[in-house]
Amino acid sequence: MIHRARLKRLSGSLVMSSFMSMALSGVFSLLEFGTSWTWLQAWGQSILIALPIAFSLDMIFGDRLRFLSGKLADKAASVWP
């Protein structure tokens, strides 16, 4: 049985990596091809490549990056008037 914390981390990584891979591959392929059928085809192929990479990177570095961003936010909040 998967523990709740592990399931939460996996689902969070999947949601974030899915969103980021779709958004970024969509934007950059749109800039390359413009609005066309070729763009949609390139976008679909890009998502298939980007999603496993983004998911893997989030699983490897995600906790450390969230920790660092939390520390940075705390530091910024403490000096903000």
Side-chain angles (χ1 to χ4, degrees):
M1 185 175 240
I2 296 178
H3 295 289
R4 185 174 181 83
R6 184 163 171 80
L7 185 60
K8 187 176 178 181
R9 181 173 181 226
L10 286 171
S11 62
S13 292
L14 182 62
V15 168
M16 182 59 74
S17 60
S18 297
F19 172 74
M20 293 303 291
S21 62
M22 287 191 309
L24 291 174
S25 64
V27 167
F28 288 118
S29 60
L30 179 67
L31 291 173
E32 180 72 23
F33 297 108
T35 307
S36 65
W37 289 111
T38 306
W39 166 62
L40 287 174
Q41 186 178 24
W43 188 13
Q45 291 171 349
S46 299
I47 291 170
L48 293 177
I49 295 168
L51 182 57
I53 294 169
F55 181 76
S56 299
L57 289 172
D58 190 77
M59 290 301 294
I60 293 168
F61 300 111
D63 287 339
R64 283 179 245 151
L65 292 173
R66 281 185 275 283
F67 175 77
L68 289 172
S69 66
K71 292 290 241 182
L72 182 61
D74 291 343
K75 187 169 271 197
S78 70
V79 297
W80 201 267

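Computed from heavy atoms alone, side chains included, the values below leave out hydrogens, waters and symmetry copies.
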Using links of under 4.5 Å between side-chain heavy atoms of ILVMFWY residues, direct or through other members, which residues join Val15 in one cluster? none
Apart from Leu48 itself, residues in the same hydrophobic cluster as defined by side-chain heavy atoms under 4.5 Å: none
Qualifying residues under side-chain contact (heavy atoms from CB on, under 4.5 Å), relative to Ser56, sequence neighbours excluded: none
Filter on ring-ring contact (aromatic ring centres under 6.0 Å, His included), then keep only pairs touching residues 49-71, sequence neighbours left out; what's left? none
So CE of Met16 and OG of Ser11: to nearest 0.5 Å the spacing works out to 11.5 Å
Applying side-chain hydrogen bond (donor to acceptor under 3.5 Å, both in side chains), name anything that partners Ser29, two or more places apart in sequence or on another chain. Trp39
Min side-chain heavy-atom separation Leu10-Met59 under 4.5 Å: yes
Measuring from Ser17:OG to Leu51:CG, what's the distance to the nearest 0.5 Å? 5.0 Å
With salt bridge (Lys or Arg N to Asp or Glu O under 4.0 Å) as the rule and sequence neighbours excluded, what pairs involving residues 33-55 come up? none
When you group the ILVMFWY residues by side-chain heavy-atom contacts below 4.5 Å and let the links chain together, are Trp37 and Leu30 in the same group? yes
Between side-chain atoms of residues 68-81 and protein atoms elsewhere (two or more places apart, or another chain), which donor-acceptor pairs fall under 3.5 Å?
unit_1 : atom_1 : unit_2 : atom_2 : d
Ser69  : OG     : Leu65  : O      : 3.3
Ser69  : OG     : Arg66  : O      : 2.9
Ser78  : OG     : Lys75  : O      : 2.7

I'd like to check the salt bridge (charged side-chain N to carboxylate O under 4.0 Å, His left out) partners of Arg9; sequence neighbours left out, ordered by chain and number. Asp63
Same apolar cluster: Leu24 and Ile47, side chain cutoff 4.5 Å: no
Can you run down the ring-ring contact (aromatic ring centres under 6.0 Å, His included) pairs that involve residues 13-33, sequence neighbours left out, and say none if there aren't any? none
With side chain to side chain donor-acceptor pair (under 3.5 Å) as the rule and sequence neighbours excluded, what pairs involving residues 40-55 come up? Ser25-Trp43
